[in-house]
Amino acid sequence: MAFILIAPAAATLLTHPALWRAALWAYPKFGYWPSALVLEAAVILIEGVVILGITRLAPRQAILVSFVANSASVLAGWLVTV
C-alpha cells in the first residue's frame, strides 16, 4: 500500500524537469491552455506507466492514480496563483 503513496512522487520527480522545459518552449508557440492540456495529458500517461511499474496496479488504476495526483497538483497551483 505504501508504494501507492510513494509512486506518484517518484513519477513526478522523473517527469517534471522535462515538463517544465517543454512548457517553457510550448507556451509562447501555442499558448497556455493548448500547451498545458497536451503536456498534462502526456505527463499523466507517462507517470501512469511509471506508477504501473512501481506498484503493479492494473493499468486503469495506475492512470487514475496519476490523474488524481496531477489534478491535485494543478488545482493547488491554480489556487496559489488566484
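Position 1 is the first residue of the sequence; numbering continues from there.
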ask   = Closest heavy-atom contact between Ser66 and Val43?
value = OG-O, 4.1 Å

Any pair counted as ring-ring contact (aromatic ring centres under 6.0 Å, His included), so long as it reaches residues 32-82, sequence neighbours left out = Tyr27-Tyr32

inquiry  = Side chains of Val65 and Leu57, heavy atoms from C-beta outward: is any pair under 4.5 Å?
reply    = yes

request  = Evaluate the side-chain contact (heavy atoms from CB on, under 4.5 Å) criterion for residues His16 and Glu47: first the C-alpha distance (whole Å), next the side-chain angles of each, then the deciding distance (0.1 Å), finally the verdict.
outcome  = CA-CA 10 Å; His16 266 61; Glu47 289 184 7; 4.0 Å; yes

ask   = How many angstroms lie between atom CG of Leu19 and atom CD of Glu40, to the nearest 0.5 angstrom?
value = 6.0 Å

task = Check whether any side-chain heavy atom of Trp20 lies under 4.5 Å from a side-chain heavy atom of Trp25, and answer yes or no.
result = no

note = Rounding to 0.5 Å, atoms CD1 (Ile44) and CG (Leu39) come to a distance of 11.0 Å

note = The side-chain contact (heavy atoms from CB on, under 4.5 Å) partners of Leu45 (sequence neighbours excluded) come to Ile63

remark   = Sequence neighbours excluded, the answer for side-chain hydrogen bond (donor to acceptor under 3.5 Å, both in side chains) partners of Thr12 is none

Closest non-hydrogen atom pair, Pro8 against Ala69 = CB-CB, 4.0 Å

